[in-house]
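Contents: one structure, followed by commentary.
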Number of protein chains: 2
Amino acid sequence: MENVTIRMLAEKLQLSTATISKALNNSHEISEETRKRVQELAKELNYVPNPYASSLRKKSSKTIAVVIPEVADSFFAEAINGIEAVAKEKGYHVLIYLTHENSQQEQAILNDFQSGRVDGILISVTMETAASEHGLAHLSKELPIVFFDRVCEELPTARVTTNDKEAAFIATRHLIERGCRNIGLLAASQQLSIIRQRISGYEKALKEAGLPLSPNAVTYYTNDTVGNYKKVCETLRQHRFDGIIATTEKLATSVYEACETLGIRMPDELKVVGFSNLSTARFLQPSLTTVAQPAFEMGKTAATLLFRSLKNNHFPLAHQQVEIPSQLVIRQSTAV
Amino acid sequence: MENVTIRMLAEKLQLSTATISKALNNSHEISEETRKRVQELAKELNYVPNPYASSLRKKSSKTIAVVIPEVADSFFAEAINGIEAVAKEKGYHVLIYLTHENSQQEQAILNDFQSGRVDGILISVTMETAASEHGLAHLSKELPIVFFDRVCEELPTARVTTNDKEAAFIATRHLIERGCRNIGLLAASQQLSIIRQRISGYEKALKEAGLPLSPNAVTYYTNDTVGNYKKVCETLRQHRFDGIIATTEKLATSVYEACETLGIRMPDELKVVGFSNLSTARFLQPSLTTVAQPAFEMGKTAATLLFRSLKNNHFPLAHQQVEIPSQLVIRQSTAV
DNA sequence: CATAGTTACTTAATCGGTTAAGTAAATAAA
DNA sequence: TTTATTTACTTAACCGATTAAGTAACTATG
């Protein structure tokens, strides 16, 4: 069975393809009667317009790209959820690209977008991404781009983040209030601005409490899960921290694993706060005090900004810097 | 700056667009020298072919669709991971569609694929989906479709599942071995064949052990998280089970929540096995005995089958019924 | 009544590639 | 030497929609 095309409808109704197209798009040039006839036949034959034909002609694809490091992370999964909700509402399609924290892969993906494959981009960059080396700057002149969570601060375009600095500040202060005096921070990457923000909030809290900032209290991690785990073990063994801020979900999990291995008792010997959206945080042993990021909301907001810019070319994307607050959810991992 | 097109390359090199196209596609009709010149200029100008133009002409989009109920579920997130790995390798693009367990939304999404938007479909159907009412049967004649996990057994096309019946059998037997005599099963939906399989494995284990199959030991749930939680509470209160099989990740989590609320002690009063890919299962309180499904592998396998069929039209998709075994990971939630 | 405007269409160009068919020149075969 | 074949291109049609420009019939305006 051939696909139903506009031409087939035109032949059946003895009209031109132009008329069919206009009738389907509710053009005022077409009489009420003809429009009805066309739309009824279209429905009857289950006509679905060829998206590639219309994208080619209209130079718009009704498709956006979501570029993220991974999916198997509650934050990104929830963010996709939020993005998809808005996209569906606006009749847009969502292409997903995973960078696996590799900035070269990211680069290759972004390069493909030169082609006009997508109308806009939502991106959370890799841990390796340095804005300078990046084609992002160039691409952002051609296409609307909205950063969410892992942003490039250098680029003048929309950003949706959470209050990373303040959240880390509050989390650190919470640990201090719970008696911690030697607090370590597990940082995902030096490159990421959100991590730098979190570190800065952490440092501010230490300073305010008059606590020293010991030289190796902040440790950095990569994309290598096994390596990270080993490094967490090493860090915990060497430093004898009484408090830990884990800046990613995976690092928080690694702390549980490391404590099990090293026989460190949470929360008695070590209190932990994790930046995490794990739905199971409250059922962990001990339940995990989290900085719960508004992942769904962030995805939704980022998508909304993007669509606003797609609808209105003059929408000042570059001036959109939305910050949605996280919430510290206190549980047993920081109990006294 | 205008997008670089094949025509621009043609003008710069004083060649026809046909030559450019062939040179870029390494056609043997083009001399080595010309091909090099073309490819070098293309690289220099960062030419990226317009995917919509070539899709329109070639009637193939190098794009596949992944249709799933949700992303914020470890199983689906990992499955996407596996799918994406294969798609990236093959140079395909991945469109993600969420049905939110709503078969009408699913239907609408599938209907769109009549247009040739995608070359193939990977789908895990909603809890509501009944194969009969479904356009899937019709669509599967036009496009290669591979089911993964939540399959429609009625349709003659490829299916990738795990050994649901056997896994449930083993899980149930495990509970019996651990002393359970009154085991309940929390089922996601009557419609889903994988759930029917799991129920059947569960019943088989009961039968083999000579245990009665009490009438309301199997309870059914919907998409309503809050409603489900209430129903789990109700079920646990009424039946005084000593063992539970939770057939989805969310239901497993609900059991933890319900136990907390009702003051039921796991594993002493209630032993629990969950079908789940939660990375945190081992850190839960108590750690959760799981039927760990090979989510990544299933995604990868499903995608591989799809691409095989895309490459070779004669590949007998309908005869591909792959089963990848799950593993029972025994933890504290079923300890004696 | 002549002209302008509106209505409801059609014709044809276009988007940017791909590809069947055509061609001129060079090379090989008869 | 003539014909056939190969090489390396070009021309033009095509994919299926959208849309600028054109047109015939009818209506309104001065």
Side-chain angles (χ1 to χ4, degrees), chain A residues 1-39 41-42 45-63 91 112-119 142, chain B residues 1-39 41-42 45-63 91 112-119 142:
Chain A
M1 206 57 52
E2 289 295 297
N3 259 352
V4 184
T5 67
I6 234 175
R7 178 168 294 127
M8 288 171 60
L9 299 180
E11 271 166 28
K12 288 226 184 204
L13 293 175
Q14 293 295 338
L15 289 166
S16 73
T17 62
T19 305
I20 305 294
S21 175
K22 287 172 184 167
L24 292 171
N25 291 299
N26 292 313
S27 160
H28 62 94
E29 288 180 52
I30 305 300
S31 71
E32 186 66 23
E33 195 205 323
T34 306
R35 186 189 329 185
K36 236 178 209 159
R37 284 208 307 147
V38 172
Q39 293 186 349
L41 183 66
L45 300 183
N46 193 26
Y47 165 75
V48 184
N50 183 314
Y52 299 128
S54 91
S55 291
L56 178 59
R57 181 66 226 254
K58 295 206 288 186
K59 295 188 169 240
S60 101
S61 60
K62 282 273 178 182
T63 304
D112 179 73
F113 299 152
Q114 294 287 346
S115 65
R117 185 186 294 277
V118 296
D119 297 345
E142 320 248 321
Chain B
M1 207 58 50
E2 289 295 297
N3 261 353
V4 184
T5 68
I6 233 174
R7 179 168 292 127
M8 289 170 59
L9 300 181
E11 273 166 26
K12 290 226 186 203
L13 294 175
Q14 294 293 339
L15 290 166
S16 73
T17 62
T19 305
I20 305 294
S21 175
K22 286 173 184 166
L24 291 171
N25 291 300
N26 293 314
S27 160
H28 62 92
E29 287 180 54
I30 305 299
S31 71
E32 188 66 23
E33 195 205 322
T34 306
R35 186 190 327 185
K36 237 178 209 160
R37 286 207 305 145
V38 172
Q39 293 187 349
L41 184 66
L45 300 182
N46 193 26
Y47 166 74
V48 185
N50 183 313
Y52 299 128
S54 88
S55 290
L56 178 58
R57 181 64 225 255
K58 296 205 290 188
K59 293 186 170 243
S60 101
S61 59
K62 283 269 176 186
T63 304
D112 178 73
F113 298 151
Q114 294 287 345
S115 66
R117 184 185 294 278
V118 296
D119 298 344
E142 320 248 320

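The sequence lines fix the lettering, A, B, ..., with proteins before strands; numbering per chain opens at 1.
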TODO: Could you list the residues that satisfy side chain to side chain contact (heavy atoms under 4.5 Å, CB included) with A:Ser60, not counting sequence neighbours?
DONE: A:Asp119
Task: Between C:dA8 (P) and A:Arg35 (CZ): distance, integer Å - done: 10 Å
Open item on the list: Please report the distance, rounded to the nearest Å, between CZ in A:Arg37 and C1' in C:dC9.
Closed with: 12 Å
- [ ] Could you grab the distance from atom OG1 of B:Thr5 to atom CD1 of B:Ile20, nearest 0.5 Å is fine?
- [x] 10.0 Å
Task: Between P of D:dT19 and CZ of A:Arg57, the distance in whole Å - done: 6 Å
- [ ] Looking at every strand, decide which applies to A:Thr5 at a 4.0 Å heavy-atom threshold: base, sugar-phosphate, or nothing.
- [x] sugar-phosphate
TODO: Determine the contact category for A:Leu15: base if any of its heavy atoms lies under 4.0 Å from a base atom, sugar-phosphate if only primed atoms, P, OP1 or OP2 are that close, otherwise nothing.
DONE: sugar-phosphate
Open item on the list: Measuring to OP1 and OP2 of C:dG17, would you say a side-chain N or O of B:Tyr47 lies under 4.0 angstrom away?
Closed with: yes
Open item on the list: Any base atoms under 4.0 Å from A:Thr34, or only sugar-phosphate, or nothing? Heavy atoms, all strands.
Closed with: sugar-phosphate
Task: B:Ala53 or B:Ala18, whichever maps to the more 5' nucleotide of DNA chain C - done: B:Ala53
Open item on the list: Please report the distance, rounded to the nearest Å, between OH in A:Tyr52 and C1' in D:dT18.
Closed with: 18 Å
Open item on the list: Tell me the interatomic distance from A:Gln14, atom CD, to C:dT10, atom C1', rounded to whole angstroms.
Closed with: 13 Å
Task: Residue mapping more 5' on DNA chain D - nearest nucleotide basis, B:Lys58 or A:Leu24 - done: B:Lys58
- [ ] Compare the minimum distances between each of D:dT19, C:dC9, D:dT10 and the side chain of B:Lys22, then state the nucleotide with the smallest one.
- [x] D:dT10
Open item on the list: Heavy atoms only, 4.0 Å cut-off, all strands: where does B:Ser31 land among base, sugar-phosphate and nothing?
Closed with: sugar-phosphate
- [ ] Calculate the interatomic distance between B:Arg7 atom CZ and C:dT18 atom P; express it in whole Å.
- [x] 13 Å
Task: Where B:Tyr47 and B:Leu24 come nearest, the two heavy atoms and their spacing - done: CE2-CD1, 3.4 Å
Task: Minimum heavy-atom distance between A:Asp112 and B:Val48, given as atom pair plus value - done: O-CG1, 3.8 Å
Open item on the list: Let me confirm one number: the OG-OH distance from A:Ser115 to B:Tyr52, rounded to the nearest 0.5 Å.
Closed with: 7.0 Å
Task: Residue B:Asn50, side-chain heavy atoms: nucleotide from D:dA17, C:dG16, C:dT19 that is nearest - done: C:dG16
- [ ] Would you tell me if any nitrogen or oxygen in the side chain of B:Asn25 comes within less than 4.0 Å of OP1 or OP2 on C:dT18?
- [x] yes
- [ ] Look at the side chain of B:Lys59 and the base of C:dT18, then say whether one donor and one acceptor between them are separated by less than 3.5 Å.
- [x] no
Open item on the list: Strictly below 4.0 Å: does B:Thr19 bring a side-chain N or O up to OP1 or OP2 of D:dC9?
Closed with: no
Open item on the list: Strictly below 4.0 Å: does B:Ser21 bring a side-chain N or O up to OP1 or OP2 of C:dT18?
Closed with: yes
Open item on the list: Strictly below 4.0 Å: does A:Asn3 bring a side-chain N or O up to OP1 or OP2 of D:dG16?
Closed with: no
Open item on the list: At 4.0 Å (heavy atoms only), tell me whether A:Ser54 reaches a base, stays on the sugar-phosphate, or touches nothing.
Closed with: sugar-phosphate
TODO: Could you walk me through whether B:Glu33 and B:Lys36 pass salt bridge (charged side-chain N to carboxylate O under 4.0 Å, His left out), step by step?
DONE: CA-CA 5 Å; B:Glu33 195 205 322; B:Lys36 237 178 209 160; over 6 Å; no
Task: Nearest-Å distance for atom pair CD1/C1', residues A:Ile30 and C:dT6 - done: 14 Å
Task: Distance, rounded to the nearest Å, where A:Leu56 contributes CG and C:dT18 contributes P - done: 12 Å
